[in-house]
Undergrad: 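This is the structure I want to talk about, given as structure tokens.
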Amino acid sequence: MFRAVLTDRLQAAFAAAGIDLPVGFAPEVALASDTRFGDYQSNAAMILGKRLKTNPRALAQQVVDKLETADLCEKVAIDGPGFLNFTLSAAALEARLGGILADAKAGVPAAAAPKRIVVDFSAPNIAKPMHVGHIRSTFLGDALARVARFLGHEVITDNHVGDWGTQFGMILHGWKTRLDREALSRDAIHELVRVYKTVNAEAKADEAVLETCKGELVRLQQGDAENLGIWKECVRLTLEQLAKVYEALDVRFDHYLGESFYNEALAPLVESLLAAGIARESEGAVVVFSDGSLPPEEDPFLIRDKDDWKAAPCIVRKSDGGFLYATTDLATIDYRVRKWQADEIWYVVGAPQQLHFRQVFAVARRRGVTTRMSHIAFGSILGPDGKMFKTRSGETVGLLEVIDEAIERAREAVASRDQGLDADAQEEIARIIGTGAVKYAELSQNRLTDYKFSWDKMLSLQGNTAPYLLNAYVRTRSIFRKLDGSEPAPAADEVYTFTDPAERALAMKLAQFAEAVHDILADHRPNLLANYLFELANSYHAFYEACPVLKAEGAVRRTRLALCEAAGKVLKTGLGLLGIRTTERM
RNA sequence: GCACCCGUAGCUCAGUGGAUAGAGCAGCGGAUUUCUAAUCCGUAGGUCGAAGGUUCGAUCCCUUCCGGGUGCGCCA
């Protein structure tokens with residue numbers, strides 16, 4: 001990575017110049033904010049000039065005098081108030097092109113310290129369809145898991161399915177009184193949802209129905225054989241259907257350890273919390289209060305109340321003896337830490353649950369858990385009214401509905417361009433484009449931003465979308481198809497020479513792939529990769545318009561072929577990290 | 001009441017303690033006997049919610065306020 005190498009060189013130059021760096025300060029090199037000035041830049045001299053109260057330009061000059069970058073840069077300039085601007089030499093970029101071709105990972109180095117990381121995402125509920133809200137967790141989690149794996153981490157993906165919620169009271173009652181067996185065998189989730197909604201409506205109107213449902217739930221929790229049997233059947237039917245959905249989405253899990261998996265662990269867990277003095281009884285429930293170890297502003301168990309602090313405890317056992325979300329999550333942490341020896345656990349769950357996770361993590365730490373736990377929060381998908389989609393009350397758009405519609409629109413687009421492809425090939429391409437478009441729409445956005453659901457945004461095939469990137473890839477492949485093996489593929493050890501600015505610009509973008517991939521995990525943000533790939537595709541399209549490949553000859557042709565090969569490789573690899581498959585034609 | 005997230009072009013959204021704030025869509029004007037036009041090039045569009053503060057430098061950090069969303073003891 002040029003950035004990392006330049007940073008090393010810069011730090012060495014500071015040392016060689018005999019400049020004492022303040023504690024905690026390390027000079028850094030970043031991508032240039034504007035390519036007019038160069039390829040990379042550093043603000044270190046200005047930051048240090050302020051700290052040391054010296055002239056930043058003079059400081060920069062001292063460093064430049066000691067800087068050894070002849071093998072990388074054609075120019076290192078001091079500009080403005082003290083910017084250090086690095087311009088890479090053509091030779092360095094030309095050599096890098098070979099490096100990308102040679103490396104199976106397109107030049108992305110592995111993480112310095114590989115970790116074992118559990119990624120918890122998607123987490124649909126049994127007997128409820130996945131709706132658009134699940135798009136974010138599923139695609140974000142999948143992309144992050146892919147990136148972590150690609151960087152050499154050991155990743156365990158776990159789908160913490162909601163298979164033991166209170167919704168089962170209603171489902172059990174509905175199963176016994178409202179079930180349409182034939183509909184169930186046709187589409188299990190659909191029928192279970194219908195039953196759930198029917199009973200839910202009845203329970204709202206009639207107190208007696210609600211009581212019946214509660215009774216069914218209690219019997220289930222007490223281990224009633226009939227109810228357990230029905231529950232197991234619901235879980236089985238739903239998981240069967242979910243497997244097909246994930247298959248279509250190209251999302252895989254190593255485990256499906258749902259909430260029910262931890263049932264046996266809950267009672268002992270609460271007892272151990274009580275025994276350790278972490279939890280205590282309050283108003284009949286068992287709760288965890290603040291232990292005063294954190295400043296009140298950072299304490300997740302305290303809420304400011306005027307000038308005072310009010311307790312915001314975490315409940316782990318209800319006064320009726322039932323357990324909660326927090327209890328299950330604590331048991332889950334135990335399992336992941338003990339059984340899997342996780343170094344890190346990533347929770348790809350919506351932002352509204354921030355307080356919940358702060359509390360659960362704090363309780364876990366008090367129990368001695370040292371595993372790094374991160375809540376990778378994301379904003380909500382809002383309805384047209386600007387409010388959150390509600391699963392319980394309002395209707396919402398189903399995830400499959402969105403995917404199907406996207407594929408349908410892609411199908412029309414594919415059919416409208418006659419590429420001489422048979423029906424199966426067209427269908428395959430439509431699926432790649434349709435699901436890719438929806439994934440890209442999600443992943444190209446900052447995960448914390450709330451957004452209004454919009455069909456047009458999700459399904460757009462123009463502009464900054466998956467098809468734009470796929471088209472760039474297709475253009476790389478079509479050149480090699482025309483070539484049909486009539487000349488050797490561009491090799492890693494060939495000498496390449498740039499003759500057009502578009503070639504250099506593309507090579508520069510290709511070189512940045514490694515940096516883009518590594519930056520994702522710093523803040524768990526796949527949109528950085530999506531943005532990068534869009535820029536790469538843009539550079540490739542511009543190159544494609546400006547630089548004929550097959551009409552060129554000699555070294556120019558070889559260099560352009562190498563750029564096409566590398567661009568295709570990076571696009572395919574990068575899209576793969578986002579969970580988006582590529583196609584050779586479209 | 002308190003906490004968290006958000007407020008950037010007509011619309012949907014990127015972005016960062018740095019240099020002249022960027023895309024896509026929509027608008028306007030061009031490019032194709034094609035290595036796939038699902039493309040490219042150009043043009044237009046902004047008080048980065050408001051006001052203070054810190055800084056050589058703030059859209060970004062701090063404070064207050066306004067607006068939207070979400071959450072805050074027995075749902076998950």
Side-chain angles (χ1 to χ4, degrees), chain A residues 30 32-34 36-37 41 43 46-47 49-50 56 79-83 85 123 125 162 164-167 259 282-287 297 300 302-306 309-320 322 324-326 328-329 350-356 358 377-380 382 386-388 391-392 410 413-414 416-417 419 433 444-446 448-452 454 456-457 460-472 474-483 527-528 530-531 534-535 537-538 541-542 544-552 560 564 585-586:
Chain A
S33 59
D34 190 323
R36 267 175 315 149
F37 303 116
Q41 67 179 43
N43 308 322
M46 288 184 292
I47 295 168
K50 176 156 60 178
D79 294 314
F83 290 103
N85 288 319
N125 289 311
W164 196 253
T166 44
Q167 78 265 30
E259 290 165 353
S282 166
E283 298 172 27
V286 175
V287 304
E297 300 81 33
L302 292 177
I303 285 180
R304 188 193 289 277
D305 181 26
K306 302 217 164 59
W309 293 91
K310 200 173 70 177
C314 173
I315 303 174
V316 292
R317 192 172 76 197
K318 295 192 280 185
S319 51
D320 69 3
L324 299 111
Y325 187 27
T328 312
D329 270 354
Q353 294 180 45
Q354 200 170 61
L355 179 62
H356 165 76
R358 286 183 61 209
F378 52 84
S380 309
L382 311 175
K387 304 217 166 140
M388 264 177 84
T391 9
R392 299 204 182 158
V414 171
S416 73
R417 286 157 235 265
Q419 302 281 343
I433 291 175
S444 59
Q445 246 168 128
N446 184 318
L448 283 171
T449 309
D450 293 350
Y451 67 85
K452 272 188 201 168
S454 143
D456 283 343
K457 187 218 295 272
S460 168
L461 305 177
Q462 305 292 326
N464 187 356
T465 61
Y468 180 87
L469 307 193
L470 291 170
N471 186 40
V474 163
R475 282 178 143 189
T476 70
R477 298 329 302 160
S478 102
I479 285 176
F480 289 99
R481 205 160 44 238
K482 276 255 169 12
L483 217 53
N527 73 310
L528 297 179
N531 294 349
F534 176 68
E535 288 172 13
N538 187 239
H541 283 308
Y544 187 90
E545 303 278 342
C547 303
V549 179
L550 298 179
K551 285 176 192 143
R560 290 179 181 174
C564 290
R585 300 169 191 252
M586 62 191 283

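Below, chain A is the first sequence line, B the second, and so on; all start at residue 1.
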Undergrad: Less than 4.0 angstrom between a side-chain N/O of A:Arg481 and OP1 or OP2 of B:C35, yes or no?
TA: no
Undergrad: Within the 4.0 Å heavy-atom criterion, would you say A:Val414 contacts the bases, only the backbone, or no part of the nucleic acid?
TA: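 The residue A:Val414 makes base contact.
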Undergrad: Counting only side-chain N and O atoms of A:Lys551, is one of them less than 4.0 Å from OP1 or OP2 of B:C35?
TA: yes
Undergrad: Using a heavy-atom cut-off of 4.0 Å across all strands, would you classify A:Glu259 as base, sugar-phosphate, or nothing?
TA: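 Answer is sugar-phosphate: A:Glu259 comes under 4.0 Å of backbone atoms only.
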Undergrad: Contact class for A:Pro548 (heavy atom, under 4.0 Å): base, sugar-phosphate, or nothing?
TA: base
Undergrad: Taking only the side-chain heavy atoms of A:Leu550 (C-beta and beyond), determine which of B:C35, B:C74, B:A38 contains the nearest atom.
TA: B:C35
Undergrad: Let's see if you can work this out: which of B:A76, B:C72, B:C35 has an atom nearest to the side-chain heavy atoms of A:Ala312?
TA: B:C72
Undergrad: Only stems of 3 or more consecutive Watson-Crick or G-U pairs count here, both distances under 3.5 Å; name the ones for RNA chain B, or none.
TA: B:1-7 with B:66-72, B:10-13 with B:22-25, B:27-31 with B:39-43, B:49-53 with B:61-65
Undergrad: What nucleotide, of B:A38, B:C75, B:C41, holds the atom closest to the side chain of A:Ala542?
TA: B:C41
Undergrad: Side-chain N or O of A:Tyr468 less than 4.0 angstrom from OP1 or OP2 on B:C40?
TA: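 Yes, because at least one side-chain N or O of A:Tyr468 sits under 4.0 Å from OP1 or OP2 of B:C40.
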Undergrad: Which nucleotide in the set B:A76, B:A38, B:A14 lies at the smallest distance from any side-chain heavy atom of A:Tyr325?
TA: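 Ranking B:A76, B:A38, B:A14 by closest atom to the A:Tyr325 side chain puts B:A76 first.
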Undergrad: Would you say that A:Pro81 contacts A:Pro56 through its side chain, given a criterion of any heavy-atom pair below 4.5 Å between the two side chains?
TA: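 No, side chains not in contact.
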Undergrad: Are OP1 or OP2 of B:G17 and a side-chain N or O of A:Lys50 less than 4.0 angstrom apart?
TA: no
Undergrad: Closest to the A:Gln354 side chain: B:A38, B:C4, B:C2?
TA: B:C4
Undergrad: Which whole-number value in Å describes the distance from A:Lys482 NZ to B:C35 P?
TA: 7 Å
Undergrad: Nearest nucleotide by nearest heavy atom, which residue falls closer to the 5' end of RNA chain B, A:Asn43 or A:Val549?
TA: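 Its nearest nucleotide being more 5', the pick is A:Asn43.
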Undergrad: Remember a base hit wins even if backbone is also touched, and classify A:Tyr451 as base, sugar-phosphate or nothing at under 4.0 Å, heavy atoms.
TA: sugar-phosphate
Undergrad: Please write out the pairs of protein N or O atoms and N or O atoms of nucleotides 20-31 of chain B separated by less than 3.5 Å, giving the distance to one decimal.
TA:
| residue | atom | partner | partner atom | Å |
| --- | --- | --- | --- | --- |
| B:U20 | O4 | A:Arg36 | NH1 | 2.5 |

Undergrad: Evaluate the ring planes of A:Phe534 and A:Tyr468, with Trp represented by its six-membered ring, and classify them as parallel (under 30°), tilted (30 to 60°) or perpendicular (over 60°).
TA: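 Tilted, since the angle between the ring planes falls between 30° and 60°.
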Undergrad: Assign each of A:Ser282 and A:Asp79 to its nearest nucleotide of RNA chain B by heavy atoms, then name whichever residue's nucleotide is nearer the 5' end.
TA: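 Of the two residues, A:Asp79 wins.
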Undergrad: Can you list the residues that meet the salt bridge (Lys or Arg N to Asp or Glu O under 4.0 Å) rule with A:Arg477, with sequence neighbours excluded?
TA: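 Only A:Glu565, A:Glu584 meet the salt bridge (Lys or Arg N to Asp or Glu O under 4.0 Å) criterion with A:Arg477.
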